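The next block holds one structure in the form of structure tokens; read it before the comments.
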2 protein chains.
Amino acid sequence: MSRDRDPEYAIIARSLREQILRGDFEDGRALPTEAELSATFGVSRQTVRRAFQDLVVDRLVYRVPGRGTFVRHDKPGYVRQFGSVSDLMALAEDTTLQIIEPLTRVLDAGAAERLGLSDHSVYSVHFTRRHDESVFCATSVYLPPDIGLPLMGEPELTTVGARSPFTIIGRVDTHAAIARAEQSITAEAAGLIIARELGCVVGTPVLRVDRVYFDSSDHAVELAISRFLPERYTYRINLMRSTP
Amino acid sequence: MSRDRDPEYAIIARSLREQILRGDFEDGRALPTEAELSATFGVSRQTVRRAFQDLVVDRLVYRVPGRGTFVRHDKPGYVRQFGSVSDLMALAEDTTLQIIEPLTRVLDAGAAERLGLSDHSVYSVHFTRRHDESVFCATSVYLPPDIGLPLMGEPELTTVGARSPFTIIGRVDTHAAIARAEQSITAEAAGLIIARELGCVVGTPVLRVDRVYFDSSDHAVELAISRFLPERYTYRINLMRSTP
DNA sequence: CGTTATTTGTGCGTATGTATT
DNA sequence: AAATACATACGCACAAATAAC
């Protein structure tokens with residue numbers, strides 16, 4: 001009956017996710033059992049199990065046969081795995097971006113140098129990123145003029161407050177194919193601006209990820225500096241010993 | 001090789017994983033369909049779907065309704081030159097390790113769970129790591145009993161204050177060859193103990209890296225939790241779009 | 001000590017929907 | 001239009017782990 005494009009299990013998963021994030025099961029109490037949820041939502045037990053799968057993959061809960069389902073005591077959050085450039089672009093799949101400072105031309109010697117530009121003129125845009133309606137990341141993007149100028153026509157980038165489900169690097173990739181990226185990861189204390197945007201206290205540790213993207217001619221086409229809230233985000237990588 | 005304790009879907013998943021890593025589906029060819037695998041393995045289509053779930057979660061394949069199942073061409077393995085298991089082992093080349101708490105048997109439910117152990121008994125050792133005589137990292141290592149017990153004979157691990165130029169994972173690798181590792185990175189505030197060991201103020205942001213190493217049978221053989229001083233250490237990775 | 005009830009895990013069969021070819 | 005292939009959803013049965021008695 002419901003015009004919901006979301007399948008049943010996704011609705012159940014979202015409902016449970018909200019309750020968990022609200023702290024309804026904080027004291028080690030178990031979540032409702034499969035049988036209970038199946039009754040209250042009026043679906044089969046298999047559908048409830050399908051909903052729990054998502055929560056387990058997100059490391060939001062763990063399940064023990066014979067006992068029940070429990071929220072993880074260690075901070076869960078949004079986990080993404082970035083092992084390749086495509087993984088970075090796939091970020092748009094389940095997150096939305098909201099413009100804080102629209103795309104404009106600015107003078108920034110540091111950013112220009114990291115982009116390998118002789119001039120100090122770069123195009124910059126600043127935005128936050130959400131998953132499940134909560135902000136987990138604030139990002140500043142710097143682009144060389146030849147990449148940034150054509151993007152000035154995109155209302156998603158030039159309108160303050162605009163929300164859209166895409167990645168800057170996805171747009172850049174249509175102009176200049178990305179071949180590789182250099183990435184460095186460190187920890188730092190949240191400053192005044194970042195703390196306000198992420199909704200945390202000044203001085204809170206945040207994860208800082210700097211990425212420089214290069215096209216096939218090995219010219220830098222984007223510098224992205226992101227600050228992540230650690231309790232809402234974990235950076236995950238799989239490492240292999242050898243290639244197939 | 002396959003143990004009868006493993007469920008059917010795990011056997012199918014392992015079989016597919018081996019074929020994928022061997023490169024059987026490299027040229028964009030689709031994997032066998034659910035119906036085909038269900039016939040060849042003599043199981044229901046649901047069981048095949050359950051096997052594919054694991055591969056999708058591991059981002060080894062992606063599935064397209066109406067088309068089929070395909071291996072991701074940008075697997076983590078492609079970044080091996082820059083962020084691989086061997087890189088982690090090479091850490092010993094220019095750093096030294098100093099034992100803070102020697103290798104002992106402890107009860108730790110959390111560590112045991114992450115190692116996939118049914119029992120809570122694990123072997124644990126805690127140490128700092130130096131580069132150029134200054135500490136940049138404090139690490140806690142947890143090992144399953146069958147790996148940890150044989151290491152109790154190593155004086156470098158059981159003597160408080162002992163300094164030596166090696167990595168735990170290097171030792172573990174001689175007992176059980178490491179095939180892959182899962183790594184998650186986040187930021188946190190230094191607690192009392194970590195702050196003292198790293199020589200920083202309590203509350204300072206530190207980079208926390210959790211790694212779980214797996215052998216060729218996909219059994220966890222080591223959990224290492226490291227805290228890095230951001231001003232002395234930055235984590236760098238190069239990401240590639242495709243193979244060079 | 002075993003017994004029993006509860007809860008999750010595995011596996012099967014079926015039906016229907018949706019996207020692709 | 002038809003066939004193919006994955007997605008969702010229901011039903012059922014039994015196994016295994018846990019906890020309470």
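Because the structure is predicted, anything quoted here is derived from the model rather than measured. All chains are named by letter (A, B, ...) in the order of the sequence lines, taking the proteins before the strands, and each is independently numbered beginning at 1.
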Item checked: Phosphate contact (C:dT6 OP1 or OP2) by A:R67 side-chain N/O below 4.0 Å -> no

Notebook entry, point to check: Hey, are A:R129 and A:T95 close enough side-chain-wise for a donor-acceptor pair under 3.5 Å?
Noted result: yes

Check: Does A:F52 or B:A10 map to a spot on DNA chain C nearer the 5' end, using the closest nucleotide for each?
Finding: A:F52

Next item on the list: Please check the phosphate of C:dT7 (OP1 and OP2 only) for any side-chain N or O of A:T69 closer than 4.0 Å.
Entry: no

Check: Which whole-number value in Å describes the distance from B:E34 CD to C:dG17 C1'?
Finding: 14 Å

Check: Distance-only, no hydrogens or angles: does the A:H219 side chain make a donor-acceptor pair with backbone N or O of A:F214 under 3.5 Å?
Finding: no

Check: Does OP1 or OP2 of C:dG9 have a side-chain N or O of A:R49 closer than 4.0 Å?
Finding: yes

Note to self: Is a donor from one side chain sitting under 3.5 angstrom from an acceptor on the other, for B:S121 and B:R105?
What the structure shows: yes

Notebook entry, point to check: How many Å lie between CD on B:E8 and C1' on D:dC14, as a whole number?
Noted result: 14 Å

Margin query: Just the rounded figure in Å: distance from P of C:dT20 to CZ of B:R63.
Written below: 15 Å

Next item on the list: Round to the nearest Å and state the distance from B:F70 atom CZ to D:dT4 atom P.
Entry: 16 Å

Notebook entry, point to check: Separation of B:F41 atom CZ from C:dG11 atom C1', in whole Å?
Noted result: 16 Å

Check: Is C:dT8 paired to anything, Watson-Crick or G-U wobble with both distances less than 3.5 Å, and if yes, which nucleotide?
Finding: D:dA15

Next item on the list: Confirm from the modelled atom types if B:R45 and D:dA7 form a donor-acceptor pair under 3.5 Å, side chain to base only.
Entry: yes

Next item on the list: Please figure out whether A:P65 or A:S44 has its closest DNA chain D nucleotide nearer the 5' end.
Entry: A:S44

Item checked: Residue mapping more 5' on DNA chain D - nearest nucleotide basis, B:V64 or A:V43 -> B:V64

Note to self: On DNA chain C, does the nearest nucleotide to B:R50 precede the nearest nucleotide to B:Q46 from the 5' side, or the other way round? Give the residue.
What the structure shows: B:R50

Note to self: Looking at C:dT10, I'd like to know if its phosphate oxygens (OP1 or OP2) sit under 4.0 Å from a side-chain N or O belonging to B:T47.
What the structure shows: no

Notebook entry, point to check: Is there a donor in the side chain of B:R63 and an acceptor in the side chain of B:T69, or the other way round, less than 3.5 Å apart?
Noted result: yes

Notebook entry, point to check: OH of A:Y62 versus P of C:dT7: gap in Å, rounded?
Noted result: 16 Å

Note to self: Please tell me whether B:H120 and B:E113 have a donor and an acceptor in their side chains that are separated by less than 3.5 angstrom.
What the structure shows: no

Notebook entry, point to check: If you look at every strand shown and take non-hydrogen atoms under 4.0 Å, does B:Y9 touch a base, only sugar-phosphate, or nothing?
Noted result: sugar-phosphate

Notebook entry, point to check: Between C:dG9 atom P and A:Q53 atom CD, what is the distance in whole Å?
Noted result: 10 Å

